[in-house]
Amino acid sequence: MRAALLLAALLAPRAPAAAAEPPRVVLETTLGDLVLALRPDAAPRQVERFLALVRAGAYDSVPVARVDRTRYVRFAPVTRRRLTLSPEQRALAVAPRPPIEGALKNDYGTVTVVRGRDDVDATGTGLALILAPMPAMDGRFTSFAVVERGQETLEALREAPCDPDHAPLRAIEISRAYVLDAAAASSLALSRPPPGAAALLGPGVAALALGLLALLLRPRRPAARAGARLAVLLGFFGVLVAAAGRARGSAWLGTLLLAGAVAVFWLMTSFELPPAPDAAPKGGRRRV
Amino acid sequence: MAGGASLVLFALFRWFRLKIDLSASSDLSLSSVPFMVSGAHFAATNYRLYRSRLTMSQYPLTAGLIPLVILAGVLGSLRWPQTIAPSFIKLYLLWSPFHYSGQTRGLSLIYARRAGFDPGPRAWTALTGFIYGSFVASVASADARTDRPDFFGISYPSLGVSPRLAALAAGAMWACGIVFVVLVVRWCVRERRLPPAVALLPAAAQCVWFMFSAPVAAFVVLIPFFHGLQYLLPTWKMQMQERLAEDGRAPSRARLARETAVWGAGILVGYWALFRALPWLIGSLAGAPALLALAVTLAGVNIHHFFVDGVIWKLRRPRVGAALLAPLGAAGA
């Protein structure tokens, strides 16, 4: 994703209509980066305010407050961030919020300003990353940007383990937010996203194939047989990690994974057998 | 007995629309009697494997290597809670009903052999199809969903299989069930006796657990409880037979009670160690949130149990077979 983000950053200013390109903001979160394409055409006053807050560094250390996997990921308002706000940042945060600008619909990947239950000072600086079409929010909250790059990060945020009240179990926050301009794009190094599940597909398939091949060769030594079975299990687990998230879109892949799981479990019922029925091993003391 | 009790309880829940409040915190449910019984059966398995150097040396890979592999899975899940943990939980949740099915089949065979009930290999094949058919049907039904269910705060993937698969598996299950019943009826006519109910109860109980218990929310807790109870009774019997045979003294009720108390206390301590101390220890050492550590440790303990259970109860081992197939009274009472 790092390469994709850099590519996006490098390509953006070179586009023919560079002057008409929307401003972009990078949110570096502890789960990876998000590049937001702002929509001044849909919400000019909100975009102006957001850019001012980002440039002032007000979004640095803002935590994720709530993860509702079927609706949105919501960040706390900047007044609830981990670092103390400077007077300048506070002044920007408590400035009167712009009126609702509802031209952009709340759909997957849009960014909306919300006032959550914990936004008691009503600054209107809390961001929500929308995870599903939310027509009920249209016209009631200002949607002002879309996630242009970093869908993996968006999904990682969606899948963050949470307590029953939807608060993340492990602190997730915006490490840094900055405006991505042409000069910065060529020199900034974007942070590396967390390791992708797809990376386990290759090793998983390799272990699975090796284990099955070893079983087909019918090794005589019990340890070799057990090792082959274990390789099959570990390989299958690698494939499960890599493919389970995608299986939801393919009934065939899901069925294949389920059939594979049953086969692996069946294989494991004979993982290890004693060398001889109830024989005392060398040096071992028989108790019964 | 446990299977029959579960059927009675299921009927009571359905007819009288009884409800148990499952909205209590995970801590409370961990302390509940059903969870303790379920947890104790894990401890009993570990005790059977790790109680002596002899048993450990018979299964060196299961006793030594597998805990390390599973520990790696647990630590990987804590390190990458978005990548590894969901699939680790998924693996456990898929394996668990398969493991239940293995136990159901094993218990059916044991009780049938004890009672001299043998309707033939085709009948046993049909019963196996019935038992594992209920497993596939229930798993396929659950995995036809496209959302991501939660397990102690960890969202794990559904496989998104075709809903037809669940229907197909259910059809195969009922077909196998009908074949089994026909073959049992033929055996009854030939032998001029009724089949022993105890041999049929485990499969019937599993069918109810997997296929019909969804509307009764309490069975989320009660199924592992009855599974644990089913397991503990033969394990206790085998343990008592071995203990009473070790010293060669004549068995007595007092001695049986004493040995039972010692064994029971031991597996309760084991339950506490596996489900209280271990998650806390692993979570503390890894610096992980308590709920996340509990979820993945619980999955790890279960997966370890599936490995151990798969090897230590092989009936082909003469000592295991002799102990399990002997009448219950042979426990020494």
- Message: Can you confirm whether A:Met268 sits close enough to B:Phe307 that some side-chain heavy atom of one is under 4.5 Å from a side-chain heavy atom of the other?
- Response: yes
| field | Side-chain heavy atoms of B:Pro60 within contact of A:Glu272, under 4.5 Å | value | yes
Checklist entry - Which word best sums up how the rings of A:Phe265 and B:Phe98 line up, parallel for under 30°, tilted for 30 to 60°, or perpendicular for over 60°? => result tilted
ask   = Taking it one step at a time, do A:Leu200 and B:Ile84 satisfy side-chain contact (heavy atoms from CB on, under 4.5 Å)?
value = CA-CA 10 Å; A:Leu200 286 177; B:Ile84 302 294; 3.7 Å; yes
For this session: Compare all side-chain heavy atoms of A:Val262 with those of B:Tyr132 and state whether any distance is below 4.5 angstrom.
Result: no
Applying a strict 4.5 Å limit to non-hydrogen atoms, the region of B:Phe135 in contact with chain A is side chain
All heavy atoms of B:Ser162 vs all of A:Thr255, minimum pair found to be N-OG1, 4.2 Å
Residues of residues 229-236 of chain A with a heavy atom under 4.5 Å from any heavy atom of chain B, in residue-number order, are A:Leu230, A:Leu233, A:Leu234, A:Phe236
Note: vs chain A, highest number of non-hydrogen pairs under 4.5 angstrom among B:Val136, B:Ile66, B:Val69 is B:Ile66
If you tally heavy-atom pairs under 4.5 Å between each of A:Leu258, A:Leu256, A:Val264 and chain B, the highest tally belongs to A:Leu258
Heavy-atom closest pair (A:Arg170 atom, B:Arg79 atom, distance to 0.1 Å) is NH1-O, 4.2 Å
One should read off an interatomic distance between A:Phe271 CZ and B:Thr62 OG1, to the nearest 0.5 angstrom, of 5.0 Å
Practice problem: Report yes if the side chains of B:Phe88 and A:Val241 come closer than 4.5 Å at any heavy-atom pair, otherwise no. | Solution: no
(Q) Just so I know, are the side chains of B:Pro86 and A:Glu159 near enough to count as touching, which here means a heavy-atom distance under 4.5 Å? (A) no
Rounded to the nearest 0.5 Å, the NZ atom of B:Lys90 sits from the CG atom of A:Leu257 at a distance of 9.5 Å
When the 4.5 angstrom heavy-atom criterion is applied to B:Leu165 and chain A, the contacting part is side chain
Rounded to the nearest 0.5 Å, the CG atom of B:Leu94 sits from the CG atom of A:Leu240 at a distance of 7.0 Å
Value for CG (B:Leu292) from SG (A:Cys162), rounded to nearest 0.5 Å, stands at 11.0 Å
Under 4.5 Å to a heavy atom of chain B? For A:Trp252 that would be neither
